[in-house]
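In what follows, a single structure is set out as C-alpha cells and then discussed.
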Protein chains: 2
Amino acid sequence: MSHSDTIIAELRKRGYRITPQREMIIGAIAHSPKHITAEEIAVHLQEHTHAINIATIYRTLDWLWQEGFACRNDLSEGKTVYATLLHGPHVHLVCRKCNQVIDADIGVLSTLGNKLREKYGFDPNLDHFSIFGVCSECQDQ
Amino acid sequence: MSHSDTIIAELRKRGYRITPQREMIIGAIAHSPKHITAEEIAVHLQEHTHAINIATIYRTLDWLWQEGFACRNDLSEGKTVYATLLHGPHVHLVCRKCNQVIDADIGVLSTLGNKLREKYGFDPNLDHFSIFGVCSECQDQ
DNA sequence: TTTACTGCAAATAATTTGCAAAACT
DNA sequence: AGTTTTGCAAATTATTTGCAGTAAA
C-alpha cells in the first residue's frame, strides 16, 4: 500500500468522502520529493487531467494539514508550502537564490532539541524546520 | 551611539538620504526586541507621530534588508517579519500557539553549520533561523 | 437520497508599483 | 537646484469564502 493509499484509507475511516480531486491532490503531495505550493500542484495536475480548481486545492491542502497528514510552512517569499509527514526528523535547507528546498538528515538534532528544552523550556517541533542559506549550485555563480 | 544611529550613519555614508520617516522606521526596528511586521511598525509609529504611509514602511524595510541591516523572514501565517542584525548567531523559537518569538543562543550552531557544509555543500545563514514549537507558558495550558 | 464537496466568481489580505508632489543634501 | 523619497491610489499576488450545482456514500 503506497503512502497516498494509507492516507486515503485513514481519511475514509474518519468519515470523509474521497473525490477524484482529493485523490489526485493527495497523490501529488505524497509523491512530491519536496515541499510544494498549491500553485505547483495545479500546474502538475493540469498535465495529467482536466484542471482542478485552485480553490479546491487550497481547501484540500488545508484539510490534510488539519487532519495531520501534511505540514504547512511559509518558507519562501509569500507562498505557503505543504508536504506529507512521511519522513523522520529532518531539516529543510532553503536556498535564498534558487528557492529550492533540500531535505537534510542531521544527527545534531536530538542534542539541539534537548538543549532547547533544558535552557528555554521550549518544546521544539524538529520534524520540520528550516534553515536559509545558499545551496552548492548557487555558490558557484 | 545607539544601534539605530550606527545604521543611519552608515546609510548616510553610502549616499542615501535620511528622512524623518526612515529615521523613525529604523528606530522602531532597531529597538524592537522581536521580529516585527510592516503593519506592527505602522501601528507603533501612529502612537507617536502622524501616520507614515504603509508603502513607505514596506519600501524602507526592503531597503534595509537589501543594504544588509535587516533580516527578513516569513515566520507566521502570510506575513513577512523583519529584524535588525544586532546579535550574533541565534535561533528564533517561534511558538505555534501564542506566536511569540524567543531569541535563543545555542552552542551547537557551529557544529550544525559545519555538518551542513560538509554533507550538503550548503552554506547556511545561521545568524537567523527559526524553529517552531510550543513555548513554556503555552505548554501549561 | 442526503449532505459533503466542487467550481466559479467575487472578497480579502499582504505587498508592490506608477506617478506627481515634497523634501533631503 | 537637482535628484531622491514620499504619499496616494490603483495593481498584483496569494489565499479564502459564499453559494448554487454536483456527486460520493
Side-chain angles (χ1 to χ4, degrees), chain A residues 5 7-29 35-46 49-67 69-82 99, chain B residues 5 7-29 35-46 49-67 69-82 99:
Chain A
D5 291 339
I7 295 176
I8 289 171
E10 178 58 30
L11 287 167
R12 264 213 179 86
K13 200 184 293 176
R14 295 186 192 177
Y16 293 107
R17 296 183 184 173
I18 303 303
T19 62
Q21 290 89 333
R22 287 185 166 180
E23 214 168 324
M24 284 187 286
I25 293 165
I26 292 169
I29 187 179
H35 280 213
I36 197 168
T37 65
E39 193 63 37
E40 284 168 341
I41 290 179
V43 171
H44 176 71
L45 292 183
Q46 274 160 20
T49 170
H50 287 304
I52 294 180
N53 195 278
I54 190 79
T56 303
I57 298 177
Y58 276 110
R59 274 186 289 228
T60 304
L61 290 173
D62 192 67
W63 168 66
L64 290 171
W65 175 55
Q66 304 272 350
E67 294 297 321
F69 293 108
C71 72
R72 174 188 165 129
N73 277 91
D74 294 294
L75 296 184
S76 45
E77 315 286 270
K79 281 176 194 166
T80 304
V81 290
Y82 294 84
N99 281 320
Chain B
D5 291 339
I7 295 177
I8 289 170
E10 179 57 31
L11 287 168
R12 264 214 178 85
K13 199 185 294 176
R14 295 186 192 177
Y16 293 105
R17 297 184 183 175
I18 303 304
T19 61
Q21 291 90 332
R22 289 184 164 181
E23 212 167 329
M24 284 187 287
I25 294 165
I26 292 169
I29 188 179
H35 280 210
I36 197 167
T37 64
E39 193 64 39
E40 284 168 342
I41 290 179
V43 172
H44 177 73
L45 292 183
Q46 272 159 21
T49 170
H50 288 305
I52 294 179
N53 194 278
I54 190 79
T56 303
I57 298 177
Y58 276 109
R59 275 187 288 228
T60 304
L61 290 174
D62 192 68
W63 168 66
L64 289 171
W65 176 55
Q66 302 273 351
E67 293 298 320
F69 293 107
C71 73
R72 172 188 168 131
N73 277 92
D74 294 296
L75 296 184
S76 46
E77 314 287 88
K79 282 175 194 168
T80 304
V81 291
Y82 294 84
N99 281 321

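Being a predicted model, the structure only gives us computed values, none of them experimental. Lettering of chains follows the sequences in order, A, B, ..., and the numbering in each one begins at 1.
R22(A) has no side-chain polar atom (N or O) that falls below the 4.0 Å cut-off from OP1 or OP2 of dA24(D). The shortest distance between the side-chain N/O atoms of N53(A) and the OP1/OP2 oxygens of dC8(C) is below 4.0 Å. When the side-chain nitrogen and oxygen atoms of Q21(B) are compared with OP1 and OP2 of dC24(C), none of them lie within a distance under 4.0 Å. OP1 and OP2 of dT16(D) both lie 4.0 Å or more from every side-chain N or O belonging to Y58(A). The shortest distance between the side-chain N/O atoms of T37(B) and the OP1/OP2 oxygens of dA14(C) is not below 4.0 Å. Side-chain N/O atoms of T19(A) include one lying less than 4.0 angstrom from OP1 or OP2 on dT6(C).
Spacing between atom CD1 of I41(B) and atom C1' of dT15(C) amounts to 14 Å, rounded to whole angstrom units. When the C1' atom of dC8(D) is taken as reference, atom CD1 of I54(B) falls 13 Å away, rounded to whole Å. Atom CD1 in I36(A) sits about 13 Å away from atom P in dT15(D), given to the nearest Å. Rounded to whole Å, atom P of dA24(D) lies 14 Å from atom CD1 of I8(A). With rounding to whole Å, I52(B) atom CD1 is found 12 Å from dC8(D) atom P. The interatomic distance linking I57(A) (CD1) with dT15(D) (P) rounds to 11 Å, in whole Å. Atom CD of E39(A) and atom C1' of dT16(D) are 15 Å apart (whole Å). Put simply, OH on Y82(B) is 7 Å from P on dT15(C), counting in whole angstrom units.
Residues L11(A) and E67(A) meet the side-chain proximity criterion, which asks for heavy atoms closer than 4.5 Å. Taking 4.5 Å as the limit, some side-chain heavy atom of E23(A) sits within range of a side-chain heavy atom of I8(A). Counting heavy atoms from C-beta on, the side chains of T80(B) and L61(B) never come closer than 4.5 Å.
When each of R17(B) and T56(B) is assigned the nucleotide of DNA chain D bearing its nearest heavy atom, the one mapping closer to the 5' terminus is R17(B). Each of G15(A) and A38(B) was assigned the nucleotide of DNA chain C with the nearest heavy atom; the assignment lying further toward the 5' end belongs to G15(A).
Of the candidates dT17(D), dA14(C), dT25(C), dT17(D) carries the atom nearest the R59(A) side chain, counting heavy atoms from C-beta on. Distance from the side chain of A55(A) is smallest for dC8(C) among the nucleotides dT17(C), dC8(C), dG7(D).
Looking at heavy-atom distances under 4.0 Å, I18(B) makes contact with sugar-phosphate atoms alone, never a base.
Classification of E39(B) and K79(B) as a salt-bridged pair fails, no side-chain N sitting under 4.0 Å from a carboxylate O.
Judged by distance alone, with hydrogens and angles left aside, the side-chain atoms of R22(B) form no donor-acceptor pair with the main-chain N or O of Y16(B) at under 3.5 Å.
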